[in-house]
Number of protein chains: 2
Amino acid sequence: MNLNDKQIHILSTAEKLFACKGFDGTSIRDIAEAAQVNIAMISYYFGSKEKLMQSLFEERTQHMALRYENLIQNESLNPWDKLCYVIDDYVERVKEKQRFFKIMLHEQILEKNTLITELLNELKQKNLAFMELIIKDGQKKKLFKKGVDIVLLTNTLTGIAMQALLNKAIYKKFHGLEALSEEAFDKLLKEKASNHIKNLYKAILNYEA
Amino acid sequence: MNLNDKQIHILSTAEKLFACKGFDGTSIRDIAEAAQVNIAMISYYFGSKEKLMQSLFEERTQHMALRYENLIQNESLNPWDKLCYVIDDYVERVKEKQRFFKIMLHEQILEKNTLITELLNELKQKNLAFMELIIKDGQKKKLFKKGVDIVLLTNTLTGIAMQALLNKAIYKKFHGLEALSEEAFDKLLKEKASNHIKNLYKAILNYEA
DNA sequence: CCTACCGATCGGTAGG
DNA sequence: CCTACCGATCGGTAGG
């Protein structure tokens with residue numbers, strides 16, 4: 001995946017449109033117009049609309065699996081510190097890549113594109129295996145209690161982050177935060193969500209700080 | 001909303017298609033063919049494809065807000081029992097209406113249909129207000145600790161239920177449950193998710209059973 | 001990299 | 001409730 005500037009530009013334009021109109025609700029003409037390129041360039045650069053979407057997924061997910069390699073081998077952090085890092089990192093990523101996370105969610109619901117579904121499943125498996133490593137290490141070191149459902153634990157992180165993203169307007173209204181700028185609010189919500197999830201993890205793992 | 005048998009039939013056929021192909025990915029011809037009715041009947045009975053979707057939402061959500069009225073006034077249940085009821089009920093509803101919950105999620109992401117978005121926001125507000133009532137009652141009775149973020153607490157329930165729904169295949173594989181029938185698996189997952197969420201609520205509210 | 005076009009399908013309905 | 005059709009738009013590309 002070596003993309004030139006124009007391809008990168010088209011991808012990020014398409015990302016915006018897919019996030020707010022959906023894949024089927026976005027035409028290649030919409031993308032071409034918004035990106036200020038000729039319609040034929042979509043096929044020229046990516047092959048088809050479907051392959052453009054696949055390119056977007058490959059581009060946006062390529063760094064995801066690898067970023068935890070270093071963490072796992074870091075001996076100076078205990079399992080709980082590692083969990084906190086993962087939680088902060090995930091919530092931060094959702095906040096920074098809101099558009100792409102919406103598209104991912106969309107693809108998870110429909111499962112229409114086999115290649116993307118497989119890519120997402122692989123990612124999930126890797127994340128689960130990674131989570132399991134940390135938890136088991138913590139259990140061996142008597143920091144965490146046994147008998148924890150790794151999948152539900154992971155769903156707790158991803159589910160709350162996702163709902164926080166989808167219910168931003170509700171959160172803002174409920175807590176009277178309409179005056180905040182978008183960035184300030186996003187930062188606040190990120191902190192709140194991160195802390196909430198850490199508290200839940202602490203409880204479910206019987207971890208005592 | 002008085003629907004005749006044919007309209008009910010068309011709605012449930014459309015629900016299936018919308019859930020697995022999305023709104024924009026489903027044509028009125030797809031619906032007409034699957035429901036074995038003439039294409040013109042979509043406009044005839046519902047006005048348009050968009051209004052058909054709105055009818056689906058009205059039909060499927062009309063009982064949602066009202067079902068908690070009785071619960072709130074039930075004096076024989078303490079706040080914790082009421083929370084457990086809400087958790088069980090929500091998870092059960094996600095399990096029973098998997099298709100519609102996918103469509104709801106879809107609409108929450110795109111927010112294209114203003115009427116549906118407003119309907120969903122109203123529902124969310126009501127559910128939040130309801131949750132707040134129970135929590136505050138529990139706090140007054142010294143059963144729950146203070147300083148709980150109601151929105152994040154609610155996101156915890158809806159987020160985990162949603163992720164459990166979207167990651168069924170992952171859960172099945174991770175725990176080696178491929179041999180189970182779909183119904184048996186759904187039931188198991190429902191129990192597991194419900195218990196998991198209750199444990200989290202117990203911890204976050206400092207509730208001692 | 002663009003023009004000019006393809007066949008297919010879309011949501012919807014006039015008229016009966 | 002159905003037939004037969006509308007104009008618009010879709011994804012995609014031949015040919016230059």
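Both backbone and side-chain heavy atoms feed into the values below; hydrogens, waters and symmetry mates do not.
- Closest to the A:S43 side chain, of the nucleotides D:dT13, C:dT3, C:dG11, is D:dT13.
- With 3.5 Å as the limit, one finds a donor-acceptor pair spanning the side chains of B:N167 and A:K124.
- Residue A:S27 places its side chain closer to D:dC10 than to any other of D:dC10, C:dG11, C:dT13.
- Counting non-hydrogen atoms of other residues, nucleotides and ligands closer than 6.0 Å to NZ of A:K168 gives a total above 12.
- For the residue pair A:N155/B:Y171, the side-chain donor-acceptor check at 3.5 Å is not satisfied.
- Rounded to whole angstrom, the span from the CG atom of A:N38 across to the P atom of D:dA14 amounts to 15 Å.
- Nucleotide C:dT9 holds its P atom 16 Å from the CD1 atom of A:I28, rounded to whole Å.
- Side-chain contact of A:K102 with B:Q108: a donor-acceptor pair under 3.5 Å is absent, judged by distance alone.
- Of the listed nucleotides (D:dG12, D:dT3, C:dT3), D:dT3 has the atom at the smallest distance from the side chain of B:A40.
- As rounded to whole Å, 8 Å separates atom P of C:dG11 from atom CZ of B:F23.
- Each of C:dC2, C:dT13, D:dG12 was ranked by its minimum atom distance to the side chain of A:M41; first place goes to C:dC2.
- Counting any heavy atom pair closer than 4.0 Å across all strands shown, B:K51 reaches no nucleic acid atom.
- Of the candidate nucleotides C:dG11, C:dC2, D:dG11, C:dG11 has the atom lying nearest to any side-chain atom of B:K49.
- When Watson-Crick and G-U wobble pairs are counted only if both distances are under 3.5 Å, D:dG15 pairs with C:dC2.
- Checked against C:dC10, D:dT3, D:dG11, the side chain of B:R29 finds its nearest nucleotide in C:dC10.
- In this structure, A:D30 atom CG and D:dT9 atom C1' are separated by 10 Å, rounded to whole Å.
- Taking atom CZ on A:F46 and atom P on D:dG11, their separation rounds to 15 Å, with Å as the unit.
- Residue B:K6 is the one, among B:I39 and B:K6, whose nearest nucleotide of DNA chain D lies closer to the 5' end (criterion: closest heavy atom).
- Side chains of B:Q163 and A:T158: a donor on one and an acceptor on the other come within 3.5 Å.
- Summarising the geometry, the separation between CD1 on B:I31 and P on C:dC10 is reported as 11 Å, rounded to the nearest angstrom.
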